[in-house]
Protein chains: 2
Amino acid sequence: MRNPTLHDVAHLAGVSYATADRVVNRRGNVAEKSVLKVKGAVEQLGYVRNVSAAKLSKNSPHRLAFVLPHRSHTFFGRMHAQLDRSQPHLKIARISCDIIEFEAFEAGALEKALSGLLGQKYDCIAFVGQGADGASGVLGALRAEGVHIVSLVSDGPEGSRDHYIGIDNVKAGRTAARLVGMAHRGAAGCVVVTVGAMDVRDHFDRVTGFRQVLESDFPNIQISDVIKTKDQSAVMRSKLRSQLDQNADITAIYNTGAGNEGVVDLVRILDLSASIFCIVHDLSSVVRTALEEGVIDIVIDQRPEIEMNRALALLQAVVDELPPPPTPELIPAIYVRGHLPNERS
Amino acid sequence: MRNPTLHDVAHLAGVSYATADRVVNRRGNVAEKSVLKVKGAVEQLGYVRNVSAAKLSKNSPHRLAFVLPHRSHTFFGRMHAQLDRSQPHLKIARISCDIIEFEAFEAGALEKALSGLLGQKYDCIAFVGQGADGASGVLGALRAEGVHIVSLVSDGPEGSRDHYIGIDNVKAGRTAARLVGMAHRGAAGCVVVTVGAMDVRDHFDRVTGFRQVLESDFPNIQISDVIKTKDQSAVMRSKLRSQLDQNADITAIYNTGAGNEGVVDLVRILDLSASIFCIVHDLSSVVRTALEEGVIDIVIDQRPEIEMNRALALLQAVVDELPPPPTPELIPAIYVRGHLPNERS
DNA sequence: CACAAAATGATATACGTCAATCATTTTGAT
DNA sequence: ATCAAAATGATTGACGTATATCATTTTGTG
């Protein structure tokens, strides 16, 4: 009835505890036949290491680091907030968690922040990259030190990290396109698409998906040139304005990046909320209000709080040397007027 | 640097380890002033019990039970599957998890299943209720035994359980209404709404939310009588058919419950996919196909896999006597054609 | 067979908490 | 002051693993 211990395993395998230990903890210097005997016994008894005992025995503090854009960015502010809320739990789990902030869209800022973590003996590092940030060298060096690397929100190349936690941004773009198409209800139209920059991987992916669906399923909806905003509302405001001025046929706006405040201001000022279908990413108080007013029609929210939770769960599994928990795909939430989540979701 | 232990606390408080232990584990027979001294020391040192050591020392097996409708129901099948996937993790966490299946829509079946758990020394029980199932007596008895009770998917009265894990179904109904409205793009219409039964709480809530938004924001979209299907495709097929035959003005169908197969069959047979906007709940292979075909336009999926994960996380926290983890609100996913999640999400 | 190298056994301590025992001291009521 | 009750102190073993040490046995090579 009682769970088998390593002593039980050793006994069944007909070896000493020391040898069983050498096998399960891969210490080497064990004859092949002993390995087999021990593994057989493990199998037969269904032995699983008692994690509590192991942690108690090791008693080594675990260290995580999150490298995130500054919390003044509304989106990342939500990740920070969730991390704050998780601190008591991390304390209970005996995990220390450092947060390093960097300035997004500042060349080399991420790379520099990551470099500072070299040789610091972190167990895991999670970071928000943006694709073309030249960080792959540092990431490689960190991984060479045995640090687990997790990329958040925007994925980098497959080999640069151990895990990616974030939504599928191509799918998000496809969803946006279909909703735009649905809202046109067969009518022709023209969409302005905006991004922070085209080399930000998540924005690029969204545009890609958006294009795919419009081209294949809604051929009479055109896409104007893609506007690059550096995720700044001021840039958004001016560039989007000139686009709207030039082109009176615009029926929809899809902002794949930040800078929603610019969009909202403009639609309000030009009084376009009735005539333009507006779909943006990620909830903030500005977006909330705009959605309730009808200025924005749909918000696709990737729920950074949940991404943060996933990251924490994954990192905890990693430090305990457990397999990652079975986690369903991350799907962004779609908000329309009248059913927003509670303020502190 | 090292985390403070209870010995440290006792020392700082100027009492023996035994007394400190009496305080933190509420064993009683401690003078008030000693309690204060110990609590002060705990506070001062930021002492938190080492969960690993506690678990190791207690070494008591934890027992959970899930009381779910039979896995042949596609929706609950997904919950079962997620539970299956979690078994290795539960084993590692030294938690045993029994699954009790019952026949939904069979009067008294849930109550009977729950009764069987009385006196079985479960730590926590999670169950899927349906509102009017007369189970409140048993639930009270179980809670009186000290069993933690969690309701899933469909909430019961506030006092009948310790936690509810599921989406806000009123909001889901509101969302459905807004999407239906959006798809009408100002045109008038008439929606058929279908439920399993009106006393199933989640279905009822959805209808309520749906009504709210249509009445307030889309007054020229009518709602036909609500069709009750007992969540059976056959019933759906016949009742919905007669409704469609009677009323040629129907522009949309909103199914709040199960029985989607009936909806899909009918729309296909009557060739209504172009003329009727169809929105349903919860993904299944039938719904997947129908969505890709254009027979169904939108699926609101409450992601039972995630609900199951949440339940497991919560129950684990409960058995370890930890505060529940900080969890963002559950928001259902909204699927349209072309961006479905991976098959085994 | 001799000898070194490799493998194994035996054993001990530490990790922090829980739970129990028993002796001793303090407290409060008379 | 006396006595019982209440509170406290001191101490111990158990939980299962990690990790280390040292002695002993087995293996392989010439």
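Every value quoted in this text rests on a predicted model; they were computed, and no experiment measured them. In what follows, every chain begins at residue 1, and chains take the letters A, B, ... in the order their sequences are listed. Computed from heavy atoms alone, side chains included, the values below leave out hydrogens, waters and symmetry copies.
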* **Non-hydrogen side-chain atoms of Pro326(B) and Glu305(A) separated by less than 4.5 Å** => no

* Asked: Would you say the side chain of Phe127(A) lies within less than 4.5 Å of the side chain of Leu152(A), judging by non-hydrogen atoms?
  -> no

* Identify, with sequence neighbours excluded, every residue that meets ring-ring contact (aromatic ring centres under 6.0 Å, His included) alongside His11(B). => none

* **pair Ile100(B)-Phe66(B): side-chain heavy atoms closer than 4.5 Å** => no

* Structure fact -> When rounded to whole Å, the CG to P distance for the pair Asn50(B) and dC18(C) reads 9 Å

* Looking at every strand, decide which applies to Arg27(A) at a 4.0 Å heavy-atom threshold: base, sugar-phosphate, or nothing. => base

* Asked: Could you give the CG-to-C1' distance, from Asp8(B) to dT17(C), as a whole number of Å?
  -> 13 Å

* To do: May I ask you to check whether Tyr122(A) and Asp98(A) show a side-chain donor-acceptor distance below 3.5 Å?
  => yes

* Taking only N and O in the side chain of Asn25(A), is any of them less than 4.0 Å away from OP1 or OP2 of dT17(D)? -> no

* Are Arg2(B) and dC15(C) close enough that a side-chain N or O sits under 4.0 Å from OP1 or OP2? -> no

* Starting from C1' on dT19(D), measure out to CG on Asn59(A) and report it in whole angstrom. => 13 Å

Produce the list of close N/O pairs, under 3.5 Å, pairing protein atoms with atoms of nucleotides 28-30 of chain C; give distances to one decimal.
none

* Measure from the side-chain heavy atoms of Ala54(A) and tell me the nearest of dG16(D), dA18(D), dC18(C). => dA18(D)

* Gap between atoms NZ and P, on Lys58(B) and dC18(C) respectively (whole Å) -> 6 Å

* So, Glu321(A) and Lys58(A), do they make that salt bridge, N to O below 4.0 Å? -> yes

* Using a 4.5 Å cut-off on heavy atoms from C-beta on, say whether the side chain of Val319(A) contacts that of Ile95(A). => yes

* Asked: Rounding to a whole Å, what distance do you find between Lys55(A):NZ and dC15(D):P?
  -> 21 Å

* Mind checking Asp21(A) for me? I need base, sugar-phosphate or nothing, with any heavy atom below 4.0 Å counting as a touch. => base

* Length of the CG-C1' vector between Asp320(B) and dC18(C), whole Å -> 15 Å

* Looking at Phe76(A), does the NZ or CZ of Arg71(A) lie under 6.0 angstrom from its six-membered ring centre and within 45 degrees of the ring axis? -> no

* **Side-chain (Asn25(B)) to main-chain (Arg22(B)) donor-acceptor, under 3.5 angstrom** => no

* **Integer-rounded Å distance: dC15(C) C1' and His62(A) NE2** => 13 Å

Do any N or O atoms of the protein come closer than 3.5 Å to N or O atoms of nucleotides 7-12 of chain C, and which pairs are they?
residue	atom	partner	partner atom	Å
dA7(C)	OP2	Asn29(A)	OD1	3.3
dT8(C)	OP1	Ser34(A)	OG	2.1
dT8(C)	OP2	Ala31(A)	N	2.7
dG9(C)	OP2	Ser16(A)	N	2.7
dG9(C)	OP2	Ser16(A)	OG	3.1
dG9(C)	OP2	Thr19(A)	OG1	2.9
dG9(C)	O6	Arg22(A)	NH2	3.1

* Give a yes/no on whether any side-chain N or O of Asn3(B) is located under 4.0 angstrom from OP1 or OP2 of dG16(C). => no

